[in-house]
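Below, all heavy atoms of this structure are taken into account, side chains as well, without hydrogens, waters or symmetry copies. Throughout, residue positions are numbered sequentially from 1 according to the sequence presented.
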Amino acid sequence: MTPRFVLVLSENWTLTTGRDLPTLVRWAREAEDAGFDAVMVSEHVVLGPDAGADGVMGNPREYALPGNQDPFTPWPGSLMLLGAIASVTTRIRLAAAAILAPLRHPLALARDIGTLDLLSEGRLVVQPTVSWSRDEYAAMQVPFTKRGAILDEQLEIWDLLWRGSPVSYSGEHFSFEDVYFEPRAYRPDGPRMWFGGQHLHPRLLDRIVKYAHGFHPLGRPTPEELETLSAAMSAAGRDLADLERIGGCRPVFPDDHSVSPLAPALESIPEQVAQGFTTFCIKPSQFTDDPDGVGAFCREVVKRTDALMS
């Protein structure tokens with residue numbers, strides 16, 4: 001099995017400014033040329049003081065966890081950025097991860113992701129999530145404690161919309177009758193969907209079993225979590241082997257000012273492949289400070305991984 005790579009385009013602001021979005025589009029095209037499988041863009045609508053409540057991370061190249069990022073971190077609109085990338089690429093997948101679905105009306109969001117899926121001819125991957133920032137939910141006037149229930153209704157609505165019109169729905173948070181939704185997404189069952197989180201809690205497990213094409217955990221799932229997931233998939237008549245599993249490449253920073261060497265970050269890939277992971281996320285700014293070297297970096301990732309797997 002040849003590992004597939006996802007170039008993470010979010011939070012690379014040591015390589016480029018948050019306003020220079022054409023550079024991100026160029027990197028996506030270079031990643032496609034280098035043989036990468038996908039690019040990934042995450043999102044926030046706004047950030048508040050709780051973004052950095054636990055202290056800003058020491059090395060700005062590190063992945064930001066809840067509560068440890070600068071509130072001034074740029075977050076361009078992920079779907080618009082992926083639309084621009086779709087227009088200059090032909091093969092690479094477009095991973096919108098994570099989409100903060102509860103902050104939008106499900107019909108409006110379905111329109112945006114369905115259109116992007118059509119534009120890219122089925123290359124879109126959507127990872128809906130609830131996220132963690134109370135300040136963001138407060139600014140958008142969406143109840144933070146209801147976000148999980150809101151997402152569950154949204155997923156039910158999307159599942160209906162992809163099948164055909166008219167659609168009616170009656171829930172606690174959304175209700176409508178006889179709406180017509182055309183054009184629909186590229187596939188009859190909608191865009192490919194990933195789900196993930198820090199822990200495999202029951203609600204996440206239910207979403208994966210019902211809707212997921214991929215499992216993208218934050219960090220490494222425990223053997224017990226994978227056993228639970230396998231059992232739940234089997235009980236629903238699904239096979240865990242059919243679920244794309246997304247892993248990662250962890251940098252090893254020598255200090256708070258330097259990039260990580262590439263080789264140690266790739267060493268865990270053969271082990272993850274043996275565990276069933278097929279697709280691996282990697283963020284370029286963690287390994288290079290050269291904005292003109294991202295294409296070469298992608299080629300080096302593929303070359304080194306091929307050597308590890310041989």
Does [X] have more than 12 heavy atoms from other residues, nucleotides or ligands lying within 6.0 Å of its [atom1]?
X    : atom1 : result
M309 : CE    : yes
R91  : CZ    : yes
Q141 : CD    : no

| task | Look at the aromatic rings of F176 and H105 and report parallel, tilted or perpendicular, splitting at 30° and 60°. | result | tilted
| Point-to-point distance, once rounded to the nearest 0.5 Å, from CG of L124 to CE of M193 | 9.5 Å
| query | Which distance, rounded to the nearest 0.5 Å, do you find between the CH2 of W158 and the OH of Y169? | reply | 12.5 Å
| query | Under 6.0 Å between ring centres, would you say that holds for F287 and F297? | reply | yes
Does [X] come within less than 4.0 Å of [Y], counting only side-chain N to carboxylate O?
X    : Y    : result
E172 : K146 : yes
E121 : R93  : no
E136 : R147 : no
R238 : D242 : no
D33  : R29  : no
E11  : R61  : no

| message | Do R4 and T278 pair up side chain to side chain, a donor and an acceptor below 3.5 Å, judged on atom types alone? | response | yes
| said: Before you tell me yes or no, could you show the steps for R299 and E32 under salt bridge (charged side-chain N to carboxylate O under 4.0 Å, His left out), namely the whole-Å CA-CA distance, both residues' side-chain angles and the distance that decides it to 0.1 Å? | reply: CA-CA 10 Å; R299 291 189 293 273; E32 180 175 72; over 6 Å; no
| said: Do P102 and Q154 have side chains that approach each other closer than 4.5 Å (heavy atoms only, starting at C-beta)? | reply: yes
| Is the charged tip of R111 near the ring of F181: under 6.0 Å from the six-membered ring centre and within 45° of its axis? | yes
| request: Show the numbers, then the answer: is there a side chain to side chain contact (heavy atoms under 4.5 Å, CB included) between S168 and V179? | output: CA-CA 7 Å; S168 298; V179 300; over 6 Å; no
